[in-house]
Protein chains: 2
Amino acid sequence: MPKIEDVAAKAGVSVTTVSRVLNNRGYISQATRDKVAQAMKELNYQPNEMARSLFRKKSNMIGLIIPTVSHPFFSELVYHLEYYADQKGYKVLLCNSNRDISKERKYIDMLKKNQVDAIVMGSNVQDVKHYLNLNLPIISFDRTVANNIPIVTSDNYTGGRLASRLLVDKGCRKLAHISGGVGGPNHAALLASKRFQGFRDELPDTGIEHVSLELEIAGLGDKRNVDELVRFFQEHPDADGVFATSDVLAALVIQACHQLKKTIPQEMKIIGYDDVGIASLVWPRLTSIRQPIREMSECAVELIVKLLQGEEVSMINSFPVTLIQRDTT
Amino acid sequence: MPKIEDVAAKAGVSVTTVSRVLNNRGYISQATRDKVAQAMKELNYQPNEMARSLFRKKSNMIGLIIPTVSHPFFSELVYHLEYYADQKGYKVLLCNSNRDISKERKYIDMLKKNQVDAIVMGSNVQDVKHYLNLNLPIISFDRTVANNIPIVTSDNYTGGRLASRLLVDKGCRKLAHISGGVGGPNHAALLASKRFQGFRDELPDTGIEHVSLELEIAGLGDKRNVDELVRFFQEHPDADGVFATSDVLAALVIQACHQLKKTIPQEMKIIGYDDVGIASLVWPRLTSIRQPIREMSECAVELIVKLLQGEEVSMINSFPVTLIQRDTT
DNA sequence: CCCTTGGTGTCAACCGGTTGACACATCATT
DNA sequence: AATGATGTGTCAACCGGTTGACACCAAGGG
């Protein structure tokens with residue numbers, strides 16, 4: 001690994017001069033600029049960003065903690081986040097917490113030790129204290145943490161309302177609400193619970209009944225998930241509409257329906273959430289509430305950039321959701 | 001951010017002593033060990049890993065370049081890779097190249113500048129030269145790069161054979177091979193082409209004909225993908241078996257079949273590849289050739305650890321594939 | 001009483017860069 | 001001839017740690 005010293009030697013200039021061309025400071029003639037560029041090329045020199053970061057006290061890295069990239073919602077999130085981060089000159093350190101609080105905490109410590117400039121939290125947030133004394137920007141994705149931590153989310157409440165509104169309009173008489181996270185239960189901090197709230201708030205005047213099931217998701221392909229759904233629908237044979245809090249869950253519901261020989265959408269209408277890739281890969285194609293993941297990711301990166309520039313940002317950044325009608329309703 | 005100096009001051013010892021307890025070197029009494037620990041706790045001190053890395057010339061970071069995490073195969077890969085990397089004390093810098101060669105090259109340079117200890121390439125590898133002078137370990141995932149770069153892969157050839165064998169055994173008379181990458185065409189370096197080879201090599205004695213389609217994948221949800229498949233099957237109405245080179249493609253094939261009112265598996269048998277989550281989320285559940293992504297990821301991390309310890313590793317690390325029979329065949 | 005082991009401190013160099021202060025040119029203007 | 005902009009070099013300090021050399025002292029054993 002050549003160092004700046006080697007470049008200086010090869011170019012026949014001083015280290016300071018090389019540093020000057022590297023950072024575009026002070027006066028440098030075109031001639032030496034070329035000499036230095038030439039030397040760098042010949043040596044295949046890459047400045048050591050660690051050394052630079054150390055001095056600048058800025059690593060241009062952001063840490064991303066999520067439950068698991070293997071869930072399509074998060075994989076799309078990570079994709080876009082990395083894209084925009086790269087655009088702004090940031091690198092992404094990825095952490096899968098599996099919703100394990102202790103692992104989460106370890107990751108936070110690790111990220112801090114490694115001098116990331118900011119953290120994006122897309123995972124649980126049970127012990128708020130741990131997040132507050134971190135003197136680095138944190139932003140939270142779809143979870144409330146504390147009121148001094150900016151959050152980017154989408155309009156979960158309206159999402160829930162849209163979903164039940166649609167099911168009601170399509171003539172459903174008894175609705176089921178299926179929730180369940182990836183590797184752990186939902187809880188109040190998870191804004192997704194607002195979906196349930198919205199879902200229920202749309203029902204009172206209609207006199208339509210609803211039942212609810214919280215699945216402990218075992219792993220995407222695990223057959224137990226479907227089995228549990230089948231059992232649930234056998235207990236509630238009159239349910240004719242389902243709101244699932246993710247497309248993955250909705251896909252499982254479709255499986256259960258096929259197994260129970262319920263026709264979709266005639267005997268059972270299903271609506272998912274997120275509108276990730278699989279929503280249009282299952283059959284029938286899933287009606288879903290779309291979260292604008294791309295825009296949300298872009299917003300997250302912009303928030304970070306602004307925070308790092310010391311600018312004020314709004315604490316709540318909520319994006320509208322849209323109902324995407326396909327074939328399951 | 002407290003520094004080691006602050007800890008030393010608070011504990012009433014020298015910086016050297018703090019460093020000694022931090023690194024477990026030399027003689028330290030339990031008493032000072034405790035004092036230092038106490039001081040660290042009170043200050044919430046975290047040693048600056050950048051400074052340490054700079055000195056040690058080891059960052060404990062590995063760079064991961066893939067086409068896109070949003071593809072389920074890669075999202076599962078990334079998940080497991082990060083898991084095992086973390087186990088071994090490594091952090092993962094994620095890069096989505098979108099199969100854009102120039103972006104790939106930029107990422108490689110970036111990773112080098114940032115002193116990653118190793119790179120895992122799961123993306124394209126058009127210009128081999130660029131990879132050779134990098135004086136850091138590279139390992140390649142399912143792609144051949146150069147013969148001095150270790151590769152972890154699975155037995156694509158057998159995978160192809162298993163697939164066509166099954167279709168033949170199930171009585172198919174005309175097979176279709178559907179390939180197509182994420183955001184770019186396949187090419188020879190991509191070992192997946194061996195799947196096609198295996199697929200064909202199983203056919204000669206059977207006298208079974210096959211046709212082939214290479215999809216330019218537009219984006220998972222894009223309806224054009226299905227349209228093109230529908231057109232293809234209309235051109236080949238007698239095709240009754242499909243081998244798709246990924247489960248995502250297979251899911252699209254299922255869609256096309258539903259659209260064409262072809263029953264699965266009666267009129268059309270379908271087999272996918274990878275056996276990722278969606279294989280069991282679509283209906284009918286997809287028969288697929290399973291790649292052991294977890295084991296492969298573990299192997300990748302182990303290779304890196306060994307290479308960094310200067311150990312010899314085998315250049316080709318191929319894993320067996322398994323046929324997972326479900327409902328589409 | 002000497003020697004060893006344990007325990008701690010001081011000091012300086014190092015990792016690979018960046019930066020400010022300052023000196024000293026050269027060259028074009030006024 | 002004096003002035004100022006341009007261009008480059010030297011030097012030292014700094015970012016936040018690590019490490020080796022060495023000195024010093026106490027306690028315990030032979």
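In what follows, chains are A, B, ... by sequence order, proteins preceding strands, each numbered from 1.
For B:R25 and D:dT19, the shortest distance from a side-chain N or O to OP1 or OP2 is below 4.0 Å. Checking the phosphate oxygens (OP1, OP2) of D:dG7, no side-chain nitrogen or oxygen of A:T32 falls inside 4.0 Å.
Taking atom NZ on A:K57 and atom C1' on C:dT19, their separation rounds to 15 Å, with Å as the unit. We find that CG of B:L54 is positioned 9 Å from C1' of D:dG17, with the value rounded to whole Å. Rounding to whole angstrom units, CE of residue B:M1 and C1' of D:dC15 are separated by 14 Å. Per the geometry, CG belonging to A:N48 stands 7 Å off C1' belonging to C:dG17, to the nearest Å.
Residue B:R20 places no side-chain atom within donor-acceptor reach of the base of C:dG7, judged by atom type and a 3.5 Å distance cut-off alone. If you check distances only, the side chain of B:T16 does reach the base of C:dC11 with a donor-acceptor pair under 3.5 Å.
Taking the charged nitrogens against the carboxylate oxygens, A:K306 and A:E302 have no contact shorter than 4.0 Å, which rules out a salt bridge.
Axis angle between the ends of the helix from C:dC1-D:dG30 to C:dT30-D:dA1, five pairs each and rounded to 10 degrees, works out to 50°.
Distance from the side chain of A:V13 is smallest to D:dG9 among D:dT19, D:dG9, D:dG16. Here the nucleotide nearest the side chain of B:Y27, chosen from C:dG6, D:dG16, D:dG9, is C:dG6.
Within 4.0 Å (heavy atoms only), A:T17 reaches sugar-phosphate atoms of the nucleic acid but no base atom.
Using cut-offs of 30° and 60° for the angle between ring planes, the B:H71 and B:F74 rings count as perpendicular.
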